[in-house]
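Convention: sequence-line order gives letters A, B, ...; per-chain numbering from 1.
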Protein chains: 2
Amino acid sequence: MTIWERPEPKPRAAPVPLSRDKIAATAIRLADAHGLDGLSVRKIAKELGVGPMRLYDYVVNRSELLDLMVDVVYARIARADRRAGWRDTVLDIAHATREAALDHEWFADILGGRPHLGPHALAVGEANAAALAQAPGIDGLDELQRALGALNSFIIGAIRREVTERRTTRDTGDDINAFQSRLGPYLRRMLDTGDYPTVARLVIDGAHLEPAETFAHNLTTVLDGITG
Amino acid sequence: MTIWERPEPKPRAAPVPLSRDKIAATAIRLADAHGLDGLSVRKIAKELGVGPMRLYDYVVNRSELLDLMVDVVYARIARADRRAGWRDTVLDIAHATREAALDHEWFADILGGRPHLGPHALAVGEANAAALAQAPGIDGLDELQRALGALNSFIIGAIRREVTERRTTRDTGDDINAFQSRLGPYLRRMLDTGDYPTVARLVIDGAHLEPAETFAHNLTTVLDGITG
DNA sequence: ATCGCTGCCGTACGGTGTATCCACAAATAC
DNA sequence: GTATTTGTGGATACACCGTACGGCAGCGAT
């Protein structure tokens, strides 16, 4: 077959360059938009324009992918402005963590559910521990360990609860989740039974407290309690 | 065909009787054994000896199934012995919650991640709120709301962290998860860098504190802080 | 005997994580 | 220049998932 009759061979498409950072950034963008339940290896790969198995050159499995994503969030927490002094350092880290979680709600789903051992996570942990070690009321490693545990427990629980409440109350256009549309009427009926008077007072008469102010207030209360 | 030649018709197997309680109990048993990741509608149905679609007569979706399971755990928390007095009531509920989570680790995965509105969950919440409302330092609904938020946040975070640490350290025979086998050497290498001195001291020199004692100590610290 | 309804099971759809295979390009050896 | 080997990316496959929907057996009413 002469050259004029032979079709020109189609060059193989240049493979899409990938990197750990690129994969993590794409995964985070998708998780921000759709939550962890809506995140999958196949969707990330599609967004990157590659086959799903390409990701397995960079991570062993989906779990490691989550670890990557989490450490990117910690990198942001690590970069946040921080004042001097042990107390302000601890407060600043807590607030930065909360703000990161509000921007990346899926992060709240992971908090406390798996150990965070990425380099940035360790750096944030180190800064937090080093600061708390300087609190006047903390004498010795056992007290530091307990105090850190109490503080981190509060932060994890507070952030999770805030993000959960945020999701429950959010109206996302026509994508109202099944739970939210049933919550109001059902809860009202349950409270009308008279079996939960204190909960009823809280729900019906309780003011809608500003979340940032509540977090700040409770954080200082807990911090003063564990370092007093 | 005479009766002697005609095969006897095989009667349809009697359908397996189902109930909400039976489904929940089976689901809980499977989740206890395999975690939430290993739980599926199909596995529960198989265990019950029915097709998976049968479960959808009792729940709308998998999410409601989880709600059922959670309220069963709250039923147990509600039944736990409780002493008199606001402080002992609050402490007893917290400890009962922790003990339930240690028996049903998947419960810790759910804590704080979705509102708990089953009747038993509401009952436990009511008992907790009513008790805390009687604390001397709690004046008014706003303070009660904040104090409840701080307390519940701590409990959620503490239980999740304890269960996570428990899973991370558990050796389950030949089913050692990938994370645990990599944790020790990796963490040691990271700490050897010298970049995380306080974390290193905590990990290397820190005593292994007894989890129940740590929880109790931190709980009273936080409770005293928010009601002081 | 026939008909309609109900409930259960099976099939199907569109998805999941990840193991494995295959084709092809690039590198290496002769 | 040709043959062989190696590496890489895409495709296929496997075993699973939640849940929609259709078919059919059994039961009750007429």
Side-chain angles (χ1 to χ4, degrees), chain A residues 6-20 22-24 26-27 30-31 33-70 106 109-110 113-114 175 177-179 182, chain B residues 6-20 22-24 26-27 30-31 33-70 106 109-110 113-114 175 177-179 182:
Chain A
R6 194 170 66 245
E8 185 171 359
K10 281 177 159 53
R12 202 180 205 183
V16 172
L18 286 186
S19 70
R20 189 179 280 181
K22 196 172 178 183
I23 290 171
T26 301
L30 287 173
H34 306 292
L36 283 187
D37 286 346
L39 184 74
S40 71
V41 170
R42 293 170 192 246
K43 286 172 178 166
I44 299 166
K46 189 170 188 178
E47 186 76 15
L48 288 162
V50 299
M53 297 320 302
R54 284 287 303 280
L55 305 190
Y56 292 91
D57 292 331
Y58 297 82
V59 294
V60 165
N61 51 32
R62 186 177 187 275
S63 178
E64 279 198 351
L65 178 62
L66 296 181
D67 287 339
L68 265 192
M69 292 164 67
V70 161
W106 53 266
D109 296 335
I110 295 182
R114 57 193 299 118
D175 187 27
N177 65 51
F179 178 85
R182 283 183 287 115
Chain B
R6 193 169 66 243
E8 187 171 357
K10 281 177 161 53
R12 200 182 208 183
V16 172
L18 287 186
S19 70
R20 189 179 281 183
K22 197 172 177 183
I23 290 171
T26 302
L30 288 173
H34 306 293
L36 283 188
D37 285 347
L39 184 75
S40 70
V41 170
R42 292 171 190 245
K43 284 173 178 166
I44 298 165
K46 189 170 189 178
E47 187 76 15
L48 289 163
V50 300
M53 297 319 302
R54 285 287 304 277
L55 304 192
Y56 292 92
D57 292 332
Y58 297 83
V59 295
V60 164
N61 52 31
R62 186 178 186 277
S63 179
E64 279 198 351
L65 179 62
L66 295 182
D67 286 340
L68 264 193
M69 291 164 68
V70 161
W106 52 268
D109 296 335
I110 295 183
R114 58 193 297 117
D175 187 27
N177 64 50
F179 178 86
R182 284 185 285 114

Problem - Spacing between I44(B) atom CD1 and dT19(D) atom C1', to the nearest angstrom - result: 14 Å
Exercise for the section: Return yes when atom NZ of K46(A) has more than 12 non-hydrogen atoms of other residues, nucleotides or ligands closer than 6.0 Å, and no otherwise. Expected result: no
Problem - Whole angstrom value for the distance that separates C1' of dC9(C) from NZ of K46(B) - result: 15 Å
Practice task
Would you name the heavy atoms of Y58(B) and S19(B) that are closest together and state the gap between them?
Solution key: CE2-CA, 3.9 Å
Problem - Between CD on residue E47(A) and CD1 on residue I23(A), distance to nearest 0.5 Å - result: 13.0 Å
Exercise for the section: For residues V16(B) and R54(B), report the shortest heavy-atom separation together with the two atoms involved. Expected result: O-NH2, 3.1 Å
Exercise for the section: Find the distance between NZ (K22(A)) and CG (L48(A)) and round it off to the nearest 0.5 Å. Expected result: 6.5 Å
Completion exercise
Y58(B) OH to dG7(C) P, in whole Å, measures 10 Å
Fill in the blank from the handout: Scoring nucleotides 12-18 of chain D by protein non-hydrogen atoms under 4.0 Å (B base, S sugar-phosphate only, - none) yields -B---BB
Exercise for the section: Report the C-alpha separation of S63(A) and R114(A) in whole Å, then their side-chain angles, then the decisive distance to 0.1 Å, and conclude whether the side-chain hydrogen bond (donor to acceptor under 3.5 Å, both in side chains) test is met. Expected result: CA-CA 10 Å; S63(A) 178; R114(A) 57 193 299 118; 2.6 Å; yes
Handout entry: Between C1' of dG17(C) and CG of L65(A), the distance in whole Å
Key = 12 Å
Practice task
Figure out the CZ/P separation between R54(B) and dA20(D), and round it to whole Å.
Solution key: 17 Å
Problem - Interatomic distance where CG belongs to D37(B) and P belongs to dT18(C) [whole Å] - result: 11 Å
